[in-house]
Amino acid sequence: MRDMVPVRPAPGSIPTDPGVYRFSDATGTVIYVGKAKNLRQRLNSYFGDPSGLHFRTQTMVRTAAKLDWTVVQNELESLQLEYTWIKQFDPRFNIKYRDDKSYPWVAITWSEEFPRVFVGRGSRRKGTRYFGPYAQAWAIRDTIDSLLRVFPMRSCTGGVFRNAKASGRPCLLGYIGKCSAPCVGRIEADAHRELVQDVCDFLAGHTSGLTARLERQMRQASNALEFEKAAVLRDQLGALRHVTERNAIVLADGTDADVVAYAADDLEIAFQVFHVRAGRVRGERGWVADRADDSSIAQILDSFLIQLYADAEAGTEVTNTIPREIYLPERPASPDAVTDLLQEVRGARVELRVPRRGDKRTLLETVERNAKEALANHKTRRASDLSTRNRALEEIQEALGLAAPPLRIECYDISHTQGTGVVGSMVVFEDGLPRKSDYRTFLIKTVEGSNDVGAINEVLTRRFRRLLDDRAASTGDDAVLIDPTTGIAKRFAYAPGLVVVDGGAPQVAAARAAMAELGITDVPLIGLAKRLEEVWLPGEEFPLILPRTSEGLYLLQRVRDEAHRFAITHHRKRRSKSMVESLLDDVPGLGELRRKAVQAHFGSLKKLREARWEDIAQVPGIGTKTALSIKAALDAQAPGEAVNMATGEVEEL
């Protein structure tokens with residue numbers, strides 16, 4: 001163990017106080033920064049059994065040549081020092097939140113004599129006020145275009161401004177009333193800055209005061225018989241209301257808050273933030289990061305909130321400054337310390353809240369859906385990249401010692417609820433992408449109860465017996481393996497380059513026994529256990545651990561997760577169908593054909609329970625009397641609950 005960890009301190013030399021620690025490599029480069037409430041307890045966890053460590057943590061400890069720590073007074077100081085060191089040293093083993101730089105901002109060059117408004121992307125500059133980021137560039141450009149009709153501030157580039165000033169003629173925007181033309185002296189600098197301030201107020205969400213002021217000026221002009229001026233103000237007021245109404249109110253109480261949600265799996269985590277100002281969503285932003293170690297979600301929330309807000313400038317009006325309230329899906333690991341630090345940066349009170357019900361909870365769920373979609377899109381983009389897929393297949397070939405990359409991977413999973421309704425699934429990936437036309441499901445016939453091992457044996461036996469039958473039918477002529485009517489290869493005709501089963505050593509042993517009994521010895525087989533993402537090989541006592549950053553492991557996980565999803569979906573459909581059949585069996589006057597019509601119309605027992613008798617009566621062949629009988633049968637049997645043993649979910653029956 002000492003050879004593996006050359007930096008291990010002498011026993012008893014580590015203090016038990018809170019503090020921040022740094023691991024450095026042989027060149028003195030800081031490779032990891034962490035904090036701890038108890039330094040001795042935390043650091044000793046690195047020097048125990050290496051098999052219990054996250055793979056990336058093992059690599060970090062092996063790479064480290066030096067360990068330093070600094071004792072602090074409390075959690076707040078540890079958060080501050082940890083963030084300072086991470087920013088200073090940029091350690092390669094700390095989690096990196098990759099911000100999507102393509103999000104557009106609205107920028108106003110406040111430091112210029114005649115400030116300019118424009119839509120931009122990327123990093124920010126001093127002397128410029130920023131609002132956003134926004135999800136769609138076209139939407140915010142459309143908003144700015146409408147806003148310039150109300151507050152005609154400058155929007156041209158420096159070159160256009162200088163040319164117009166030199167020629168004494170404004171650009172087209174000056175002629176059509178969407179610019180007050182400060183380039184030719186139509187408006188003084190102070191008056192133009194007032195327009196700019198109005199635009200800033202609008203973008204910051206302070207719209208009620210602007211609307212009230214325009215209404216007051218319009219009435220004053222009308223009372224003074226200045227009808228042309230009143231008409232201009234009326235049009236401006238209409239344009240302002242039009243722009244304001246596009247931004248739907250999501251929180252009726254006019255809350256200023258940021259709503260933070262996440263979606264995570266074993267390898268990556270995606271954060272999504274909605275910036276809500278005056279009850280409206282003014283911007284949104286997303287991050288995706290690799291889960292670099294075994295930190296809990298609460299601990300990751302700590303670091304994310306600090307990195308998100310630590311550099312915010314108090315008193316500025318950009319949507320990523322710290323609002324008074326931050327809504328979270330759960331509490332961070334150090335809520336008091338995080339709150340104190342954010343309050344110190346903001347210079348005012350900050351509250352971290354976990355909404356449980358109402359509009360705020362609904363909005364949080366919306367943000368969470370966006371985070372899940374962002375993570376799924378990120379995975380799709382990553383998986384779709386040709387070079388990435390090739391690298392993944394090559395890594396799998398090298399790790400498993402295969403003769404060639406596994407261009408066709410088949411994965412098998414079993415799903416049931418407490419031993420009932422047992423089904424198996426087979427999914428196929430070719431060249432690293434799912435081939436859904438080759439997916440298959442299996443209704444388990446020879447095994448009863450919660451016997452995943454026996455079910456795996458049956459599924460693999462049936463699949464490879466079909467392969468042998470197709471091979472025998474070919475009699476050496478490959479043409480028989482092609483459907484003569486479509487020209488498409490028969491789906492079970494070719495052996496996979498790799499078979500994956502969801503599970504550990506028992507499942508692999510069952511699959512190997514099924515294949516060996518049929519004489520299939522030329523198809524590689526592995527199991528992927530979800531708990532620690534271990535790769536189990538037939539006959540091996542210990543699993544193979546692939547690096548967490550491995551594209552090969554990432555592909556195997558996608559294959560396994562797809563098989564899991566496909567099996568659960570099929571199982572739920574069958575269970576729902578069987579329960580509908582059992583409930584409808586006793587309905588008088590309801591024959592087999594009309595029972596199938598009801599099943600096809602509603603699709604699931606849950607939807608059928610939610611339907612009114614009038615909805616049931618709309619099914620072809622179902623009249624009012626039969627619909628009332630069906631509804632009475634459903635109401636007589638209250639929905640129950642079952643635990644899906646494959647997922648641990650409590651599901652309504």
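Nothing here was measured: the structure is a model prediction, and the numbers come from that model.
- Side-chain atoms of R389 do not come within 3.5 Å of backbone N or O of L555 as any donor-acceptor pair.
- Formation of a donor-acceptor pair under 3.5 Å by the N94 side chain with backbone atoms of V33 is found in this model.
- Here K372 pairs with E368 in a salt bridge; the nearest charged N to carboxylate O distance falls below 4.0 Å.
- Of all heavy-atom pairs between P434 and R558, the closest is CD-NH2, 4.4 Å.
- Remark: side-chain polar atoms of E534 are not paired, donor with acceptor, to backbone N or O of A529 under 3.5 angstrom.
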Exercise for the section: Any chance you could lay out the ring pair (Phe, Tyr, Trp, His ring centres under 6.0 Å) test for Y262 and F304, step after step, and finish with the verdict? Expected result: CA-CA 11 Å; Y262 68 88; F304 176 74; 9.9 Å; no

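- Side-chain contact between L363 and F274: present, with at least one pair of heavy atoms (C-beta onward) separated by less than 4.5 Å.
- With a 4.5 Å cut-off on side-chain heavy atoms, F442 and I414 do not count as touching.
- Atom CG in D561 sits 10.5 Å away from atom CG in L556 (nearest 0.5 Å).
- In this structure the side chain of F464 reaches within 4.5 angstrom of the side chain of V499, judged on heavy atoms.
- By the 4.0 Å N-to-carboxylate-O rule, E562 lies close enough to R565 to be salt-bridged with it.
- Of the inter-residue distances, the one linking Q507 atom CD with R512 atom CZ reads 15.5 Å to the nearest 0.5 angstrom.
- In summary, of the residues considered (E75, Q80, R346), a side-chain contact (heavy atoms from CB on, under 4.5 Å) with L341 occurs for Q80 alone.
- A heavy-atom distance below 4.5 Å is not found between the side chains of K35 and L81.
- Look at R369 and E373 and you find no salt bridge, because none of the NZ, NE, NH1 or NH2 atoms lies under 4.0 Å from a carboxylate O.
- Ring geometry, Y21 versus Y32: the interplanar angle falls from 30° to 60°, so the pair is classed tilted.
- Judged by distance alone, the side chain of R40 and the main-chain N or O of I14 form a donor-acceptor pair under 3.5 Å.
- Of all the heavy atoms in Y130 and A107, the pair that sits closest is CE2-CB, 3.6 Å.
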